Amino acid sequence: GQSLEQPSEVTAVEGAIVQINCTYQTSGFYGLSWYQQHDGGAPTFLSYNALDGLEETGRFSSFLSRSDSYGYLLLQELQMKDSASYFCALNPGYALNFGKGTSLLVTP
Amino acid sequence: EPEVTQTPSHQVTQMGQEVILRCVPISNHLYFYWYRQILGQKVEFLVSFYNNEISEKSEIFDDQFSVERPDGSNFTLKIRSTKLEDSAMYFCASAQGESNEQFFGPGTRLTVL
């Protein structure tokens with residue numbers, strides 16, 4: 001089976017940088033994705049790492065280390081609208097296997 | 001910008017009744033998915049559909065569930081005899097490729113009484 005671990009809650013100040021970590025256990029996968037979900041909303045895609053290293057998309061970056069079974073999402077220049085839940089998800093094939101999510105609260 | 005749509009946005013049903021949740025995926029996408037999210041919990045995979053057949057399903061997707069692509073645009077999830085524990089938000093998603101970004105619809109909130 002697969003399992004993912006991420007912190008349940010993170011709080012950060014507007015304008016700051018925050019890192020959300022994700023550790024996983026799996027026998028194989030294509031890549032690690034990150035999704036954002038606002039309350040009552042649909043998950044929306046943020047970033048995907050198929051290979052080790054850093055992927056940068058605007059204010060968001062994601063990192064993967066297959067040897068360490070570890071990834072993270074880095075959010076820079078935090079804005080109030082970034083308050084949401086963030087899920088890492090393993091892509092073992094067809095399905096996405098989501099972690100339990102990290103609730104990010106951005107404060108003024 | 002193309003988007004996945006789902007209807008209805010909210011469905012209330014009595015335990016034991018059948019429900020059909022409908023989705024219109026993005027038109028040039030080939031892979032279709034159903035997920036569910038019980039309130040306050042993580043998003044859980046139910047089933048994936050490719051080339052007019054189920055490609056993968058989870059343990060949640062038992063004999064009470066079925067999926068269909070009745071025409072070139074719609075993708076449906078049927079629950080034959082709903083249980084209280086089926087109450088959840090059901091998300092449809094579609095993707096161009098197997099490992100590509102999945103685009104999620106706004107969800108259908110199913111409430112079983």
Side-chain angles (χ1 to χ4, degrees), chain A residues 1-9 20 22-51 55 57-58 60 62 64 66 71 73 84-104, chain B residues 1-7 9-10 21 23-26 29-51 53-61 67 88-109 111:
Chain A
Q2 296 184 330
S3 66
L4 300 100
E5 293 290 333
Q6 45 182 137
S8 58
E9 293 180 350
I20 299 174
C22 174
T23 58
Y24 61 83
Q25 290 186 326
T26 181
S27 56
F29 68 110
Y30 287 109
L32 185 71
S33 299
W34 288 91
Y35 282 77
Q36 179 192 60
Q37 186 181 36
H38 286 98
D39 273 350
T44 55
F45 173 82
L46 292 177
S47 190
Y48 175 69
N49 293 76
L51 303 173
E55 291 285 337
T57 311
F60 298 154
S62 60
L64 175 65
R66 287 177 180 263
L73 178 70
S85 291
Y86 293 83
F87 296 87
C88 57
L90 285 172
N91 189 327
Y94 293 105
L96 284 172
N97 183 10
F98 284 86
K100 292 184 179 179
T102 297
S103 178
L104 171 64
Chain B
E1 185 175 332
E3 58 183 17
V4 177
T5 59
Q6 291 185 243
T7 53
S9 57
H10 192 186
L21 311 183
C23 168
V24 178
I26 295 173
H29 285 186
L30 301 176
Y31 295 81
F32 314 112
Y33 309 85
W34 284 102
Y35 294 85
R36 79 172 186 189
Q37 186 175 32
I38 295 170
L39 188 64
Q41 299 186 23
K42 70 173 186 176
V43 178
E44 299 176 292
F45 168 72
L46 293 178
V47 65
S48 60
F49 194 84
Y50 169 70
N51 202 25
E53 62 182 20
I54 290 173
S55 47
E56 189 176 353
K57 60 183 180 179
S58 72
E59 292 176 351
I60 303 169
F61 194 87
V67 289
M89 181 74 91
Y90 288 79
F91 292 107
C92 172
S94 68
Q96 281 186 318
E98 183 179 336
S99 302
N100 285 14
E101 170 187 354
Q102 293 186 18
F103 291 80
F104 283 74
T108 293
R109 180 165 297 286
T111 302

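Below, chain A is the first sequence line, B the second, and so on; all start at residue 1. Note that this is a predicted model, so its numbers are computed, not measured.
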Taking all non-hydrogen atoms of both residues, which atom of Phe45(A) and which atom of Gln102(B) are closest, and how far apart? CB-O, 4.4 Å
Looking only at non-hydrogen atoms, find the nearest pair between Ala42(A) and Phe104(B) and report the distance. CB-CB, 4.0 Å
Indicate the atoms forming the closest heavy-atom contact of Phe91(B) with Gly41(A), along with that distance. CZ-O, 3.5 Å
For chain B, the option from Ser85(A), Gly31(A), Gly99(A) that forms the most heavy-atom pairs under 4.5 Å: Gly99(A)
Tell me whether the count of non-hydrogen atoms from other residues, nucleotides or ligands lying under 6.0 Å of CD in Glu5(A) goes above 12. no
Side chain, backbone, both or neither of Glu44(B) within contact of chain A (heavy atoms, under 4.5 Å): neither
side-chain contact (heavy atoms from CB on, under 4.5 Å) between Lys42(B) and Asn97(A), intermediate numbers included: CA-CA 10 Å; Lys42(B) 70 173 186 176; Asn97(A) 183 10; 4.0 Å; yes
Given heavy-atom pairs under 4.5 angstrom as the criterion, report whether the side chain, backbone, both or neither of Tyr35(B) touches chain A. side chain
